[in-house]
Each structure stands twice: as structure tokens, then as C-alpha cells.
Trainee: 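Dropping a structure here in C-alpha cells format, bear with me for questions.
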Amino acid sequence: MIDRHSFARSKPRIFGFGALVALTLAVSCSPDGPTPSAPRGESLQPRHVFSDAPSLVGDALAGRVRRGEQDEMLRLEAQLPGFGGFFIDSLGEVVVYMRSSDEFTPANVRALLHLKYAARPEAPVRSVMAPAARARILEGAYALSELIATENRIVSRAMGIKGIVGVGTSLIRNRVKVGFRDSLSMTRGLDAIASAGVPLAALIPEVWGELRLEATWKSKIRPTRGGIGIHVRNQTAMPNWGAAGSHGFNVRTSNGTNYFMTASHVAQNYRGINGLTGDTVFQYDRAWPGTPIGVIELNPAWNTGASCPFDSTTQTGADMCTEADVALGRFIGGVTGERKIGTSVYEGQNGQPGTQDINGYYPIQGVLSPEFVMTSTHGVHKSGQTTGTTTGEIDVPLTTIFVTAGFPSAPPPPSNHLYLALQNVARVAHAGHGGGDSGGAVFAGNGSPYYALGIHVGGDGTISNGICNAGVNCAFYFARWDRIEARFGLGPLNPNTVQ
């Protein structure tokens, strides 16, 4: 294992993923990101983690945006103390966790939910939450703010926990999931987590395996649509070299500007430059290097140093972090991008890849947060160049994951590796992925039209020949749409086919 703390924090401009192109993962931090890490002078005797919970509710009431849709849930908790969040089950019903209380009846809870979400301006949200008036109420052990406080405390200590790869609040289980590289790491990691004031009863520890960064849909197709393979290269800057990825959603801003999405690490990995722009994006053709489609235009640099999670007890931290591993490109003259989603003839299920044959391209009718996606085994889909269309289920709608990545323009290991944190991404379980899927479209729905969820950025599980071969133990991660929009600050990025 490469020493994840060996890279000097004084080199923030060097960045890349050449050594781990098989992972579909990306991170970025923005000013409105997750709860900051503990101050660097914090006491070695931590407070009990739940003491942090009231401030999270207060921040949500004050309008501070840190977790997207879960901020709305925290505001609801202010009206319903003991509210543990909700999820949409495989039948499309709303399921709510509440701690036992003499103050609120199930009818009270259902009425508040119905009133809140019936007033939402987004038609897809109103539709998904219509069953809230008859929501199923489950007894929960923890309020949502307590679970988020637990997640934040573990994130703040993660750099001192060897073998941890991710942590996030499970709305389905009313617990915090913690992923480790292997069983030995789990045993040692739980001891370290308990010493940080975290009750182990609030956790679901799991072995997720090693995380890796990862775009055959290499067809010559016009106009371009989601899922097609792309290649970023600059023959003048670095001849005979490039980076493979996948074409994500085509979007339109409120002022009528059109962009296409891909993962930012695809745009910058081969030159090792944080925030790289200006390079050409190619689409695969029968002859190398392919046909140019556009240029990377917007690619905010990932945060470094104190802006990233930091462990005050070990004085170690992530070298770089992000919430939205996404870059935007502008099409060149004569090339157009149609706002549709491509799918494979046969979709890969239970961790398997899909076929390379494209079934067709289908309309997108809106955007959803993963909290509103049904927990169906085949409720979330990804289309990318290496494994086509694969499917899985929302496991954790908002999680922080950790990965070591290398870059080519540096001295030999271990000094050429960075320790990265990807914050506020979503995890999709039992879903296949492969190197080159990065940037591919992630969407929900059981048939056309579909809802856009975000962009594929990483994956875990056992990798063989660039593809996860661990079956149901494969999982992928995607940058959430709300975090993508917050990252670019352009207002709504509309992927809808007809608007």
C-alpha cells in the first residue's frame, strides 16, 4: 500500500490520476461544502459525538447549504424532534424513521411531510413524495442530526484511520455506514472510531475494498449524447498521450449556453494539472485519434490543504478534495449535443457489465436528488464507454470517500501520490463499472423518460482488466447534481430533453 500521507502539502498544483485510471471516482470541495473538520488544536479527549447534532439543525434553519436535500430533512427535524429521515422503498412508498415520542402521532408526522413536500416547486419531487400522506413510520434509534454528526466526526478523524475508504449516513438503515479496505482494517478502524467519541451501535461497518479512479461505446455518432466514449488530449503539450473517459449529460444554462459534462479528473489527469482547461475532447472513430467534438472550458480546481478533511490528532489530512469531480466542455462549430441518455441493449445487473451494443437514446424529463430515488435493486443506472449501462441501488445517498491516486509528472513512488477525499458523493451498490466510465451519465427510472442524478466518478470492488469483477460486491459513486450546480455557480444546469 502506498503511504497516503507521503505527498508534501506544499505542492498543490500537481495533480493527476494516471496510476488509477480504472476507478470512477472524483472529489471536490466548494465553499458551501460539508461541515468543516475539527480545529487543529482540538482536545485529544473528544466530546460525545451527539453533542454536535443541535448545531447541524441550527445551521440548516439558518439556510446554510451543506448536504442538499438532507438540509431540508434537518429543517423538518426542527419541527419533529427525533425525526431520522425518510427514504422511498421499492414500491414507491415513503418510509420515515422516528424515535418514540408521546408528543407526535403518526398522523402528525404524515401531515407535516405532506404539507412540506406538496409545496415543493419541482414537479418530480411532488410526484415522488405524493405518498407522504400515508407514509409508513418505523421506529428509529437515532435522529438524522445525530447520524450526520457521527458521519462528520468520523470524516474529521479519517486521515488517522488506516484502511478506511468511505463513510456516509444510510437513510434506509438509520445508521452510519463505514467502508474499509479489508476485515483487518475494519477491526482496527472501529477501535479508532470508538476512541473519537462515536458509539459503535450507530454504525454499520462493511468491507468495500480498494477505491480506484475510472470512460465500448466508442462509436462515431452525431449528435453526441450521454455515455459515448471520449478522449482528452493535447498533441502539442503531450504528444502520443491522452486520457479516456465518457461523455456525460448535455446541459443548458438559464441564459441559453450549452455545455457537455465529463469527470474533471479525465480532463486533467494526463498532464497532472489541477483545474486544467483548454484541451481538446475527441470522440472515438475508426481511426486514431478520432473526431474532435469540443474543448474543456470550465474546470474549477480542486481544493487543497486546510479546506479538506484534517485529523487534528495525527496532524494529517487529505491533499486534495472536491464535491463535484465534473468539468464542462463547449462543442466546436458543426458539432451538436442532444440532451438524451444512451442505454445498452442488455443492461448489466448484479455487478455485471452491460453489452457494448447501444439500444437507443431516450429523453430526460428532470433532475432528482438520490434521496428521492426508490431503493429498488435496479433503480439507478450508469452509461459509460467501458461497461455500457449498468444498474444498482442507492446505498448511501451522501458519503465521503478516500482514495490514493498517482500522477505521471513526478518523482517515483511514494512521493508521486496524493491522498484524496471525495465529499458528498452518492454510493450505488451491486453495480458494475470499469476504467473509462468516468464522466458517464447516472440516471434513475425504469424506462424512458429518465431523471438525471449526476456524473459517474469512481468505484470499488475487485478490479480485473479494468473492470470490477466482484459481482454484487461492486459499487460505483457519482457526483450529485445539486453539488455539481453549486460547484459551477451558473444556476440550474438543465439536462431536460424538451426544455
Side-chain angles (χ1 to χ4, degrees), residues 17-26 165-166 179 181-182 206-219 226-232 242-248 262-263 265-266 269-270 283-284 325 341-359 377-378 380-393 395 401 403-406 422 425-443 453-479:
F17 302 90
L20 294 175
V21 70
L23 172 67
T24 53
L25 168 62
V165 295
R181 186 182 304 115
D182 50 44
E206 296 179 337
V207 174
W208 290 358
E210 189 72 59
L211 289 173
R212 298 169 178 82
L213 293 171
E214 316 176 313
T216 71
W217 289 20
K218 298 179 181 179
S219 306
I228 295 295
I230 60 172
H231 204 80
V232 179
S246 294
H247 187 107
T262 191
H265 72 256
V266 173
N269 72 358
Y270 81 103
Q283 186 179 68
Y284 288 96
D325 175 12
I341 290 293
T343 63
S344 297
V345 172
Y346 296 104
E347 183 175 52
Q349 299 182 356
N350 301 317
Q352 299 303 311
T355 62
Q356 288 294 301
D357 297 320
I358 299 174
N359 183 53
T377 303
H378 307 302
V380 180
H381 321 277
K382 175 275 308 164
S383 288
Q385 80 158 266
T386 300
T387 58
T389 306
T390 59
T391 182
E393 62 181 312
D395 180 44
I401 52 180
V403 60
T404 301
L422 283 75
V425 296
R427 186 176 196 261
V428 179
H430 316 313
H433 57 86
D437 285 339
S438 287
V442 179
F443 50 102
L453 296 179
I455 294 292
H456 177 84
V457 294
D460 62 39
T462 303
I463 302 293
S464 177
N465 295 321
I467 295 176
C468 184
N469 65 350
V472 295
N473 292 322
C474 296
F476 70 73
Y477 300 84
F478 67 88

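Numbering starts at 1 and runs along the sequence shown. Computed from a predicted structure; not experimentally measured.
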Trainee: Please list, chain by chain and in numerical order, all residues satisfying side-chain hydrogen bond (donor to acceptor under 3.5 Å, both in side chains) with Asn350, sequence neighbours excluded.
Mentor: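 Scan of Asn350 (side-chain hydrogen bond (donor to acceptor under 3.5 Å, both in side chains), adjacent residues dropped) gives none.
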
Trainee: For Asn469, check side-chain contact (heavy atoms from CB on, under 4.5 Å) against everything at least two apart and list the hits.
Mentor: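 Checked Asn469 against side-chain contact (heavy atoms from CB on, under 4.5 Å); matches are Thr462, Ser464.
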
Trainee: Between the main-chain N or O of Gln385 and the side-chain N or O of Ser246, is there a donor-acceptor pair closer than 3.5 Å?
Mentor: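 Pair found, side chain donor or acceptor close to backbone of Gln385.
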
Trainee: What closest approach, in Å, do Gly461 and Cys468 show between heavy atoms, and which atom pair accounts for it?
Mentor: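 Closest approach of Gly461 to Cys468, heavy atoms only: CA-SG, 3.9 Å.
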
Trainee: Arg427 and Asp460: which non-hydrogen atoms are nearest, and at how many Å?
Mentor: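 Looking at all heavy atoms of both residues, the shortest contact is NH2-OD2, 3.2 Å.
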
Trainee: Using only atom types and a distance under 3.5 Å, with no angle test, would you say the side chain of Lys382 pairs donor to acceptor with the backbone of Gly388?
Mentor: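 It does hold such a pair.
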
Trainee: Side chains of Tyr346 and Asp357: any donor to acceptor distance under 3.5 Å?
Mentor: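 On atom types as modelled, these side chains do not qualify, holding no pair under 3.5 Å.
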
Trainee: Who pairs with Glu206 by salt bridge (charged side-chain N to carboxylate O under 4.0 Å, His left out), at least two apart in sequence or on another chain?
Mentor: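 Testing Glu206 for salt bridge (charged side-chain N to carboxylate O under 4.0 Å, His left out), a comparison that skips the adjacent residues, returns Lys177.
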
Trainee: Nearest 0.5 Å please: distance from the OG1 atom of Thr387 over to the NE2 atom of His433.
Mentor: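 Rounded to the nearest 0.5 Å, the OG1-NE2 separation comes to 8.5 Å.
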
Trainee: Trp208 and Ile401: which non-hydrogen atoms are nearest, and at how many Å?
Mentor: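 Result for this residue pair: CZ3-CG2, 4.4 Å.
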
Trainee: Of all heavy-atom pairs between Ser383 and Gly342, which one has the smallest distance, and what is that distance?
Mentor: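 Where Ser383 meets Gly342 most closely, the heavy atoms are OG-O, 2.6 Å.
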
Trainee: Could you report the tightest heavy-atom contact between Cys474 and Gly351, atom names first, then the distance?
Mentor: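 Closest approach of Cys474 to Gly351, heavy atoms only: SG-O, 4.0 Å.
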
Trainee: Quick one: side-chain contact (heavy atoms from CB on, under 4.5 Å) partners of Glu347, sequence neighbours excluded?
Mentor: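 Residues passing side-chain contact (heavy atoms from CB on, under 4.5 Å) with Glu347: Gln349, His381, Thr389, Thr391.
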
Trainee: Please find the pair of heavy atoms, one from Val380 and one from Val428, that lie closest to each other, and give the distance.
Mentor: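 That would be CG1-CG2, 3.8 Å.
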
